[in-house]
There are 2 protein chains.
Amino acid sequence: MKLAVSTSEKAPYHHGDLRRSLLDAALGILHRDGIGAVSLREVARVAGVSHNAPYRHFPSRDALLAGVAAEGFGRLRARLEAAGDDLAAMGEAYLAFAVAERPCFLLMFGSSLCKANFPDLASAALEALRALDRVASGRAVSGGDACEIRTIGPATLRAWAIVHGFAHLVADGQLSLEAASRALAADGTAP
Amino acid sequence: MKLAVSTSEKAPYHHGDLRRSLLDAALGILHRDGIGAVSLREVARVAGVSHNAPYRHFPSRDALLAGVAAEGFGRLRARLEAAGDDLAAMGEAYLAFAVAERPCFLLMFGSSLCKANFPDLASAALEALRALDRVASGRAVSGGDACEIRTIGPATLRAWAIVHGFAHLVADGQLSLEAASRALAADGTAP
DNA sequence: CTGCTATGTTGACGCGGACAACATGAGGAA
DNA sequence: TTCCTCATGTTGTCCGCGTCAACATAGCAG
């Protein structure tokens with residue numbers, strides 16, 4: 001035990017940032033064996049702690065999943081922002097995320113977790129949408145620190161709807177990435 | 001026990017179509033208490049049978065949920081077909097279904113069940129899409145009895161993607177039905 | 001040093017999924 | 001009719017999981 005993290009920033013207590021380890025373990029299990037296999041006990045096992053240790057960091061299983069999903073939204077947002085100001089590239093990035101992180105994508109949008117119960121998750125999701133909005137609506141958004149979809153423009157919603165629809169088809173395995181990509185390019189930025 | 005069903009068609013064995021009762025009970029629990037509350041034991045309790053009776057009709061909990069989802073696709077298809085040949089009306093019908101049967105809608109598209117494991121579910125989903133395709137692609141589809149999305153035209157896929165995207169936003173509670181309806185009308189049938 | 005609090009452990013309870021063995025009743029065969 | 005067979009439903013059981021409670025320990029504050 002007491003393995004110091006590579007970047008020995010704080011190494012808080014016994015384990016040395018168990019919260020981080022739990023989130024990583026959960027994401028690993030999620031991608032390897034699907035969401036059904038993500039149990040608190042299994043996560044604890046992988047992280048090398050007792051079956052109740054996770055409760056010091058997450059009040060419930062859903063809270064842990066919400067944490068994983070929130071980080072997923074963070075990665076999605078990073079991909080979208082990396083696409084620059086090109087709306088079509090953002091659509092591609094969205095599709096790519098749905099494919100590369102399929103299980104996490106399904107968790108994020110599967111609605112097994114009610115966003116109302118997890119403010120951090122809701123705001124992470126909103127932040128990802130804002131990245132899209134900055135380009136689709138052509139304006140920077142400032143105020144309203146969380147939870148208000150009304151700060152998102154209608155053009156963004158439309159773009160999101162169609163991109164997400166295709167991403168869902170691809171994630172469901174009902175459509176190839178190439179076909180979706182082509183369809184998206186054909187539709188793409190046009191109103 | 002042995003309550004004869006109103007339409008005493010067959011009354012197969014002891015219970016008189018337990019499979020039907022289980023599906024109904026599961027749908028009721030799903031709508032009342034959410035998907036997490038749909039356990040085989042609770043369903044059996046509601047149906048008034050022992051905790052293991054469901055296994056004579058469904059090999060697993062997921063199989064039961066798949067049955068519920070398949071019937072959901074049947075109802076969605078009925079709504080779409082009732083919309084006639086009007087693509088905009090079909091979009092409305094899709095949204096209306098997502099709102100009226102929100103928990104079931106989330107089950108159907110939540111992807112906690114892998115369609116590959118449940119052929120009946122996959123074909124039910126495909127049939128619903130075909131109803132859309134008949135109008136969006138303007139042609140009747142005949143062959144390929146199941147599981148091949150390639151028999152669905154690209155125009156249909158595009159229409160489905162955007163409608164489903166908005167339906168997802170509404171089901172998630174992030175957008176009002178009216179706003180989605182308006183956005184859909186604005187986009188609607190235009191390519 | 002002493003005690004406080006955050007963190008992790010051990011133990012327990014009840015629920016739910018799944019399997020096995022048994023019971024029962026319907027329908028066909030003799 | 002009588003008996004056999006199998007589909008259907010029941011009882012009993014096992015194990016894993018989520019969650020609570022009680023306890024142990026490590027780092028920090030005074």
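These values consider heavy atoms only, across backbone and side chains, with no hydrogens, waters or symmetry-generated copies. Throughout, protein chains are lettered first and strands after them, A, B, ... in sequence-line order, and every chain is numbered starting at 1. Everything numeric here is computed off the predicted structure, so don't read it as measured data.
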Is A/Y55 close enough to C/dG8 that one of its side-chain N or O atoms is under 4.0 Å from OP1 or OP2 there?
no
How long is the line joining CG of A/D17 and P of C/dA6, in whole Å?
17 Å
When rounded to whole Å, the CG to C1' distance for the pair A/N52 and C/dC13 reads 13 Å
If you take atom types as modelled and just measure distance, does the side chain of A/R41 reach the base of D/dG18 with a donor-acceptor pair under 3.5 Å?
yes
Any salt bridge between B/R77 and B/E81, counting N to O under 4.0 Å?
yes
When B/L30, B/I35, B/L113, B/L121 are each screened for side chain to side chain contact (heavy atoms under 4.5 Å, CB included) with B/V68, the one that passes is B/L30
Please report the C-alpha distance between B/H168 and B/F109 in whole Å, then the side-chain angles of each, then the deciding distance to 0.1 Å, and finally whether the ring-ring contact (aromatic ring centres under 6.0 Å, His included) criterion is met.
CA-CA 9 Å; B/H168 199 140; B/F109 294 104; 8.6 Å; no
Any N or O donor-acceptor pair linking the side chain of A/R56 to the base of C/dG8 at under 3.5 Å?
yes
Taken to the nearest whole Å, CG/A/L64 to P/D/dT19 is 11 Å
Can you see if the side chain of B/R45 gets near the phosphate of C/dG16 - specifically, an N or O under 4.0 Å from OP1 or OP2?
yes
For the pair made of CZ in B/F58 and P in D/dT8, what is the distance, rounded to whole Å?
12 Å
Separation of B/L22 atom CG from D/dT10 atom P, in whole Å?
11 Å
Let me confirm one number: the CD-CZ distance from A/E127 to A/F73, rounded to the nearest 0.5 Å.
12.0 Å
Side-chain N or O of A/S39 less than 4.0 angstrom from OP1 or OP2 on D/dC17?
yes
Distance check needed: C/dG17 P versus B/L40 CG, whole Å only.
5 Å
Whole angstroms only, please: what is the NE2-C1' distance between B/H51 and D/dT10?
8 Å
Output the rounded distance in Å from NE2 (A/H57) to C1' (C/dT7).
7 Å
